[in-house]
Amino acid sequence: MNTIITSFVERLNTINKTDEIFQALADSFQVIDKEIYSVCLKVDSRTYEIVPARDIDRILINNIKDALERGICGQISDPNKVVLISDHKRFAFREDDRMLLLPLFQKQVQYGIVVVVFPEKLLDTFEMMRGDLNMIGIIASKFFDLLYSIDTEKHLVKERTDTENRLANIVENVVHGLIALDNNHMVSIFNKNAEIIFNIASSAVIGKSYREAFSQKLVRVFDVLVENTLIEGSILDYEFEMELSPTLKIPIGISTSILLDSQGIHQGIIFLCRDMSLTKEINRLKELDKMKSEFVSMVSHELKNPIAVIKSSVETLLAARNLGKKLDDNFETNSLSAINDEINRLSQLINDILSLARIESGRVEIRKEPANIEQLIHSTINVFKINEETHPISVSVENIDHNILLDSDKVRIVLINYISNAIKYSPNGSPINIYATLEGEEFKVTVSDNGIGIPDDKLSSIFDKFSRVLIPETQSIKGTGLGLSICQKIIELHHGRVWCDSKFKKGSTFGFSIPISDFSRAN
Ligand code: ADP
């Protein structure tokens, strides 16, 4: 028997995996006698797999399978004891075969059985060996236990490495720049896209404090982000411009979040950085597209009315002529003057649309030159000399003792619009006041009237394109609703602002102001 234990223990030296124990056990019994044949059953919950000793005949393996199917294993009652099959005749394959089972248990769970078939003549030998056989079972189980723990450990390590590799892969391939700082502000993650966005190699920053690794400008940005993230917990799309070269700046959006472990303990801060150029461009194009379709629908609406009037008047005149009918002189004059009015309105509309389109497309440049404001206002109101009797205009200029840098031609357009509106929307005899002053760092002009005023609910949109107040008082007043939009654009090009104060049925004040930096003061 010693030979079995020796042969088995020797084999243990070469075993690395639990599976190899089954083969070693099956082979060890063959050492005693050539007529012995043995297999090991690898038991896995309800199934088993046969591991035969080497060189064992296929037919004999099938015989053992047969015996197993007939319930031979039911004879195992003690997990630690060898069983010598008593009704061996029932399972015998050869005349004088005897059979024993060596159960293999690990922590009360059966993981295998050694089935040994031997000739009757070896019965005494096996009877004497019972103790040693049990010992083999115990050694095998201990060894199985050991390998099992090592296998599990290896499996866990592999799983952990796999997970780590997978995570590292995700971090590297995330479409945004990903940066992580630990609690000491050391950079622990700096992925490929972060390298591209910030133009820094990860090897130059990993393991270093961001204050030491980033440029001064970037440190200032990260200082703000770190401070606010620690207060707020997270930040969404903080935007700043990254200067990659004197001529290349890209808008960067950074979202941050505090990194917590599974116990909720603070591990650092994570930064998700993205190049916003594309998003901004897409938004700009979307906005442009929306503006275009709004514009087209508004313009087509504004064009339809005058064309309808012209069409019906012309049709009436033509029909009368074709029928050889003499039309009433008054009717003919009225029709022709309606056509004339609408054509004037159309050409005004087209001029306004074109001016607005030119300004909006950025094709209009502001050419600032020193302007004497008093002269500019007086030369502008000369245009309205013809209205002197119906709408007297008074001008007061205060506090302006030097020339101001502005584009006089463009500012004149704004003044003309404000003044002509004041005339259009106030009754005859009602005066108009123009007031200009310097207030702080602003040059300010207001045009006031005592006219029909603007209802409160219309005030906030009065500078919008095609915004017109449609009330009985304005029904007969022609206009395009574009003049104030043009004014607003012109003043915006001067970095200034426009406004309107109005009381319905009392009067309105339209104003604009232009900032005067030291550069725009001209003496
Ligand atoms: P419009 O060609 O219709 O006058 P504007 O853009 O100049 O176009 O003005 C838009 C609308 O603002 C006008 O239709 C009118 O309803 C209102 N509005 C402008 N100026 C005055 C004003 N001084 N008094 C009352 N309403 C005004």
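Ligands are counted one by one from 1 in listed order, and the atoms in each one are counted from 1 as well.
- Protein heavy atom at the shortest distance from atom 27 (C) of ligand 1 is Y425 CD1, 3.6 Å.
- Scanning both residues, G177 and N191, for their nearest heavy atoms gives CA-OD1, 3.5 Å.
- For ligand 1, the atoms sitting less than 4.0 Å from at least one non-hydrogen atom of S508 are 24 (N), 25 (C), numbered in the order shown with element in parentheses.
- Ring geometry for F198 versus F214: interplanar angle under 30°, hence parallel rather than tilted (30 to 60°).
- Ligand 1 has F510 within reach: a non-hydrogen atom of the residue lies less than 4.0 Å from it.
- Atoms of ligand 1 lying under 4.0 Å from at least one heavy atom of G481, given by number and element, are 1 (P), 2 (O), 3 (O), 6 (O), 8 (O).
- Between G451, G453, S467, it is S467 that holds the heavy atom closest to atom 11 (C) of ligand 1.
- Below 3.5 Å of separation, one finds an N or O of R468 facing an N or O of ligand 1.
- Distance from atom 2 (O) of ligand 1 to its nearest protein heavy atom, with residue and atom name: T480 N, 2.7 Å.
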Item to complete: Mind running side-chain contact (heavy atoms from CB on, under 4.5 Å) on Y425 and D449 for me, showing each step along the way?
Response: CA-CA 9 Å; Y425 299 103; D449 62 60; 5.7 Å; no
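- Close N/O approach between T474 and ligand 1 is not found [any backbone or side-chain N/O within under 3.5 Å].
- Heavy atoms of D449 approach ligand 1 to within less than 4.0 angstrom.
- Heavy-atom contacts from other residues, nucleotides or ligands closer than 6.0 Å to CD of E389 number 12 or fewer.
- Residue contacts with ligand 1: K424 is included, with a non-hydrogen atom under 4.0 Å away.
- Annotation for F504: atom CZ counts as buried by contact number, over 12 foreign heavy atoms lying within 6.0 Å.
- With L349, V447, I454 as candidates, the residue nearest to atom 26 (N) of ligand 1 on a non-hydrogen basis is I454.
- Counted within 6.0 Å of NZ on K325, heavy atoms from surrounding residues, nucleotides or ligands total 12 or fewer; the atom is thus considered open.
- A donor-acceptor pair under 3.5 Å is formed between the side chain of S502 and the backbone N or O of G507.
- Close approach of ligand 1 to G479 is summarised as follows: ligand atoms under 4.0 Å from at least one heavy atom of the residue are 1 (P), 2 (O), 3 (O).
- Residue L482 approaches ligand 1 through these ligand atoms, each under 4.0 Å from one of its heavy atoms: 6 (O), 8 (O).
- Close contacts of ligand 1 with L484, meaning ligand atoms under 4.0 Å from a residue heavy atom, involve 5 (P), 6 (O), 7 (O), 9 (O), 10 (C), 12 (O), 19 (C).
- One N or O on the side chain of S485 and one on the backbone of K465 form a donor-acceptor pair closer than 3.5 Å.
- For N421, a nitrogen or oxygen atom sits less than 3.5 Å from a nitrogen or oxygen atom of ligand 1, counting backbone and side chain alike.
- Under the 30°/60° scheme for interplanar angles, the aromatic rings of Y148 and F144 are found to lie parallel.
- Residues S313 and S335 have side chains that never bring a donor and an acceptor to within less than 3.5 angstrom of each other.
- Interface atoms of ligand 1 facing I462, defined by a heavy-atom separation under 4.0 Å, are 12 (O), 17 (C).
- V469 N, 3.0 Å is the protein heavy atom nearest to atom 16 (O) of ligand 1.
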